[in-house]
Enquirer: 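Quick one: structure below, then a few questions.
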Amino acid sequence: MKEPAYIKLANEIAGMIETGIYKPGDKLPSLRSIHKEKGLSIGTLLLAFNNLIDRGLLNSREKSGYFVSHRTGKKLPVPLHLPVSLSERTVHIDNLLRQLRIDGKGKNFVTFANALPDNRLLPFNSIKRAIQNTSRDISGIYLAFEERKGNRLLREEIAKRSFLWKGSTHPDELVITNGATEAVNCCLRAVTKAGDTVLVQDPCYYGVMQTLECLDLKMVTIPSHPETGIEIADLEEACKKLNIKACILVSNFNNPDGACLSTEKRNKLQHLPKKCRYLLLRMTYTENCFLKVAGPIPLKLMIAKAG
């Protein structure tokens with residue numbers, strides 16, 4: 001089978017990056033100049049450049065062009081798998097995070113505590129235009145209180161996008177929260193009370209631990225391997241030995257280790273809500289980290305289908 005033109009071009013540029021012809025931070029020739037030189041269509045060039053972005057070799061900057069990504073040539077070893085320790089404990093993390101914010105104010109301090117994209121990756125001009133367009137609405141509706149479930153138009157747009165997640169969600173089934181952490185907070189308030197035990201995977205997003213501390217909940221952890229995620233046997237053992245009121249799991253691209261559960265583990269996880277009193281599935285923006293045509297099916301949809 002003949003190799004597509006955009007793949008051939010992407011591999012050619014990738015080879016030049018790998019051999020150091022194009023170095024980190026270098027700007028690539030413009031699409032128009034490559035179009036004239038190679039005789040390829042702009043559409044083909046865009047496919048090639050997007051392929052390189054997906055491979056982590058390039059990044060695009062609005063109105064500036066395409067640049068070689070800053071990468072390290074050293075491959076780090078995979079972190080060691082943590083031992084299973086089914087012990088309940090209270091959470092004390094808020095003071096540590098406050099100190100990190102104080103220590104991290106210097107320009108020479110690099111923090112790994114915030115799961116935020118680099119500002120240079122954000123489409124600031126588009127965001128600015130959206131804010132300006134909204135502020136021109138003379139009705140002033142943007143100053144009013146929203147419905148209890150959140151902005152209707154936003155919920156309708158999210159419902160439309162659920163089609164891409166291989167699900168079907170109605171706007172009335174959605175509740176808009178001030179970020180995913182507030183959503184977790186609301187769910188935990190609904191199914192737990194102070195002193196209850198919640199299971200989380202280790203490592204997990206520090207915001208989850210802050211929520212547990214705020215609600216005076218105990219925590220028990222099961223290890224998550226960066227390549228394979230949690231072991232279902234560990235989860236079953238924890239539910240059997242301890243009085244767990246909720247489980248907070250991320251099936252796709254866990255923050256911070258990037259773990260993603262296999263289809264086999266997802267299928268086994270479908271039956272766990274019958275064994276545990278509550279199972280809280282936390283889906284995050286990390287779903288968008290998938291670089292292929294179709295990402296893994298969200299676990300909540302698999303459970304709904306098995307229902």
Side-chain angles (χ1 to χ4, degrees), residues 54 78-79 81-82 84 86 115 158-159 161-169 173-175 177 179-188 190-192 197-212 217 219-240 242 244-307:
D54 288 347
V78 175
H81 194 54
L82 298 172
V84 180
L86 299 180
I158 294 174
R161 292 197 177 201
S162 69
F163 174 75
L164 300 176
W165 309 329
K166 301 180 182 179
S168 179
T169 305
E173 297 174 325
L174 298 171
V175 177
T177 61
T181 301
E182 186 187 12
V184 173
N185 188 302
C186 292
C187 291
L188 288 176
V191 300
T192 64
T197 300
V198 176
L199 182 144
V200 301
Q201 60 199 92
D202 186 12
C204 71
Y205 172 51
Y206 66 84
V208 170
M209 300 178 69
Q210 277 186 298
T211 302
L212 296 179
L217 296 169
M219 177 180 71
V220 62
T221 62
I222 56 174
S224 171
H225 191 276
E227 293 181 337
T228 58
I230 63 169
E231 293 298 328
I232 304 302
D234 295 341
L235 182 56
E236 289 179 320
E237 183 182 3
C239 290
K240 187 183 300 182
L242 302 171
I244 294 173
K245 297 297 184 181
C247 303
I248 303 180
L249 305 173
V250 180
S251 59
N252 294 340
F253 311 107
N254 177 48
N255 178 10
D257 64 0
C260 189
L261 295 183
S262 65
T263 302
E264 180 184 359
K265 288 185 178 180
R266 293 161 191 269
N267 289 331
K268 291 182 179 179
L269 208 51
Q270 292 181 39
H271 306 292
L272 282 178
K274 300 175 183 178
K275 300 179 182 180
C276 299
R277 183 176 178 184
Y278 296 106
L279 181 64
L280 172 61
L281 303 173
R282 180 174 179 268
M283 311 308 294
T284 72
Y285 64 87
T286 52
E287 293 285 345
N288 297 324
C289 292
F290 198 77
L291 302 180
K292 297 181 182 179
V293 176
I297 300 175
L299 186 55
K300 58 185 176 182
L301 294 181
M302 295 183 70
I303 290 180
K305 290 176 182 178

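Worth knowing before you read on, the calculation uses all heavy atoms, side chains too, and leaves out hydrogens, waters and symmetry mates.
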Enquirer: Please round to the nearest 0.5 Å and tell me the distance separating atom CZ of Arg161 and atom CD1 of Ile158.
Expert: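 Interatomic distance, Arg161 CZ to Ile158 CD1, rounded to 0.5 Å: 8.5 Å.
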Enquirer: Does Val208 reach the side chain of Val198, with side-chain heavy atoms less than 4.5 Å apart?
Expert: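 Sidechains of Val198 and Val208: no contact.
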Enquirer: Shortest non-hydrogen contact from Ala238 to Leu199?
Expert: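 Closest pair (atom of Ala238, atom of Leu199, distance): CB-CD1, 3.4 Å.
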Enquirer: Go through the steps for Leu249 and Leu235 under the test side-chain contact (heavy atoms from CB on, under 4.5 Å), then give the verdict.
Expert: CA-CA 10 Å; Leu249 305 173; Leu235 182 56; 4.0 Å; yes
Enquirer: Taking all non-hydrogen atoms of both residues, which atom of Ala259 and which atom of His225 are closest, and how far apart?
Expert: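 So the two residues come closest at CB-O, 3.3 Å.
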Enquirer: Backbone N or O of Val250 within a donor-acceptor pair of the Gln201 side chain at under 3.5 Å?
Expert: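 Here the side-chain-to-backbone pair exists.
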Enquirer: With no hydrogens and no angle check, is any side-chain donor or acceptor of Asn254 less than 3.5 Å from a backbone partner on Pro203?
Expert: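 Pair found, side chain donor or acceptor close to backbone of Pro203.
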Enquirer: Can you measure from OG (Ser251) to CZ (Phe253) and round to the nearest 0.5 angstrom?
Expert: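 Result: 9.5 Å between the selected atoms.
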Enquirer: Where the side chain of Lys265 meets the backbone of Thr228, is there a donor-acceptor pair that is under 3.5 Å apart?
Expert: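 Answer holds: yes.
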Enquirer: Please find the pair of heavy atoms, one from Asn252 and one from Cys260, that lie closest to each other, and give the distance.
Expert: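 Smallest heavy-atom distance, with atoms named: OD1-SG, 3.7 Å.
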Enquirer: Examine distances only and state if a side-chain atom of Asn185 and a backbone atom of Thr181 form a donor-acceptor pair shorter than 3.5 Å.
Expert: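 Side chain of Asn185 to backbone of Thr181, a donor-acceptor pair under 3.5 Å: no, none is there.
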Enquirer: What distance do Thr221 atom OG1 and Ile248 atom CD1 have between them, rounded to the nearest 0.5 Å?
Expert: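 Between Thr221 OG1 and Ile248 CD1, I get 12.5 Å after rounding to 0.5 Å.
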Enquirer: Quick one: OG on Ser162 to CD on Glu173, what's the gap to the nearest 0.5 Å?
Expert: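 Rounded to the nearest 0.5 Å, the OG-CD separation comes out at 9.0 Å.
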Enquirer: Taking all atoms of both residues into account, what is the closest heavy-atom pair of Thr192 and Ala246, and its distance?
Expert: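 The pair with the smallest heavy-atom distance is CG2-CB, 4.3 Å.
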Enquirer: Do you know which of Asp257, Asp234, Asp202 makes side chain to side chain donor-acceptor pair (under 3.5 Å) with Ser224?
Expert: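 The side chain to side chain donor-acceptor pair (under 3.5 Å) with Ser224 is passed solely by Asp257 among Asp257, Asp234, Asp202.
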Enquirer: Which value, rounded to the nearest 0.5 Å, describes the distance between Ser262 atom OG and Asn267 atom CG?
Expert: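 Those atoms lie 8.5 Å apart.
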Enquirer: Where do Cys247 and Ile244 come nearest, in terms of heavy atoms and distance?
Expert: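 Nearest pair, atom of Cys247 first, then Ile244: SG-CG2, 4.1 Å.
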